[in-house]
Peer 1: 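Take this structure, written in structure tokens, and hold onto it; I'll ask about it next.
Numbering of residues begins at 1 and proceeds along the displayed sequence. Predicted model only: the values in this text are computed from it and were never measured.
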Amino acid sequence: MRLLFLTILAALSAIITLPEPSLAGEQELEAVVLINRHSVRSPVGSSSSPYYYTNMSKDAWPSFGVPEGNLTKQGARLAKTMGRYYGRYFRTNGLTAAGECPSDAKVWVHADNYQRTVKTAKQRVRGMLPGCSYKVEQLPVPKPGQA
């Protein structure tokens, strides 16, 4: 038992003292992938449900000024603000230059087909790369009766 313990201890000390492998040559960033959910949206649900917002309080639910489930104005502002954060991070770390608009081949923006996700993606890119314009690809909108 004592021999087993000493063997394990010796093996652990050998692992702990191994030098970190050196990285040969310069490294180059190949891609950045941002995956996120939509920003702030208006409530969704069925008014007949006991869990629907209007049935949970005696007070009236506020109006968000947009249709059910759509991105709110505040949500659009927040998405753009988060984009500015990423843009500043990329510029600070030399990934993009101020005022630079990388080519369409270098920037790909994709969202599903909900208004809130498409608009969030547009605002995020506007904040990240101000003055640049990129198409937001999206999933096709199914025709009525299609699943």
Peer 1: Looking at T120 and H38, would you say the former's side chain and the latter's main chain have a donor-acceptor pair under 3.5 Å?
Peer 2: no
Peer 1: So which heavy atom on V136 is nearest to which on A121, and how close?
Peer 2: CG1-CB, 3.9 Å
Peer 1: Which value, rounded to the nearest 0.5 Å, describes the distance between L95 atom CG and E100 atom CD?
Peer 2: 10.0 Å
Peer 1: Taking OH in Y114 as the centre, count heavy atoms belonging to other residues, nucleotides or ligands within less than 6.0 Å. Is the count above 12?
Peer 2: no
Peer 1: Assess, by modelled atom type and distance only, whether the side chains of R41 and N70 contain a donor and an acceptor separated by less than 3.5 Å.
Peer 2: no
Peer 1: How long is the straight-line distance from OG of S39 back to CD of Q123, given to the nearest 0.5 Å?
Peer 2: 9.5 Å
Peer 1: Can you give me the closest heavy-atom contact between G127 and P130, atom names plus distance?
Peer 2: O-CD, 3.7 Å
Peer 1: If I take atom NZ from residue K122 and atom NZ from residue K135, how far apart are they, to the nearest 0.5 angstrom?
Peer 2: 10.5 Å
Peer 1: Compare every heavy atom of L139 with every heavy atom of H110, then report the nearest pair and how far apart it is.
Peer 2: NE2-CD2, 3.9 Å
Peer 1: With no hydrogens and no angle check, is any side-chain donor or acceptor of S42 less than 3.5 Å from a backbone partner on P67?
Peer 2: yes
Peer 1: First locate atom OG of S133, then atom CZ of R126, and finally report the distance between them rounded to the nearest 0.5 Å.
Peer 2: 8.0 Å
Peer 1: Could you tell me the separation between the OG1 atom of T96 and the NZ atom of K106, rounded to the nearest 0.5 Å?
Peer 2: 11.5 Å
Peer 1: With distance as the sole test, does Y134 use its side chain to make a donor-acceptor pair with the main-chain N or O of P102 at under 3.5 Å?
Peer 2: yes
Peer 1: Would you say V32 and M128 are hydrophobically clustered, going by side-chain heavy atoms of ILVMFWY under 4.5 Å?
Peer 2: yes
Peer 1: Applying the 4.5 Å side-chain criterion to the ILVMFWY set and letting contacts propagate, would Y89 and L34 be lumped into a single cluster?
Peer 2: yes
Peer 1: Using modelled atom types only, decide if a donor and an acceptor are shared between the side chain of Q115 and the backbone of L71 within a distance under 3.5 Å.
Peer 2: yes
Peer 1: Quick one, V107 and L129 - any side-chain contact, counting heavy atoms below 4.5 Å?
Peer 2: yes
Peer 1: Hey, does M82 have a side-chain heavy atom less than 4.5 Å from the side chain of R124?
Peer 2: yes
Peer 1: Could you give the distance from CG (N36) to OH (Y86), rounded to the nearest 0.5 Å?
Peer 2: 6.5 Å
Peer 1: Within the structure provided, determine whether T92 and R88 are in side-chain contact (heavy-atom separation under 4.5 Å).
Peer 2: yes
Peer 1: Tell me whether T72 contacts the main-chain N or O of V40 through its side chain, where contact means a donor paired with an acceptor under 3.5 Å.
Peer 2: yes
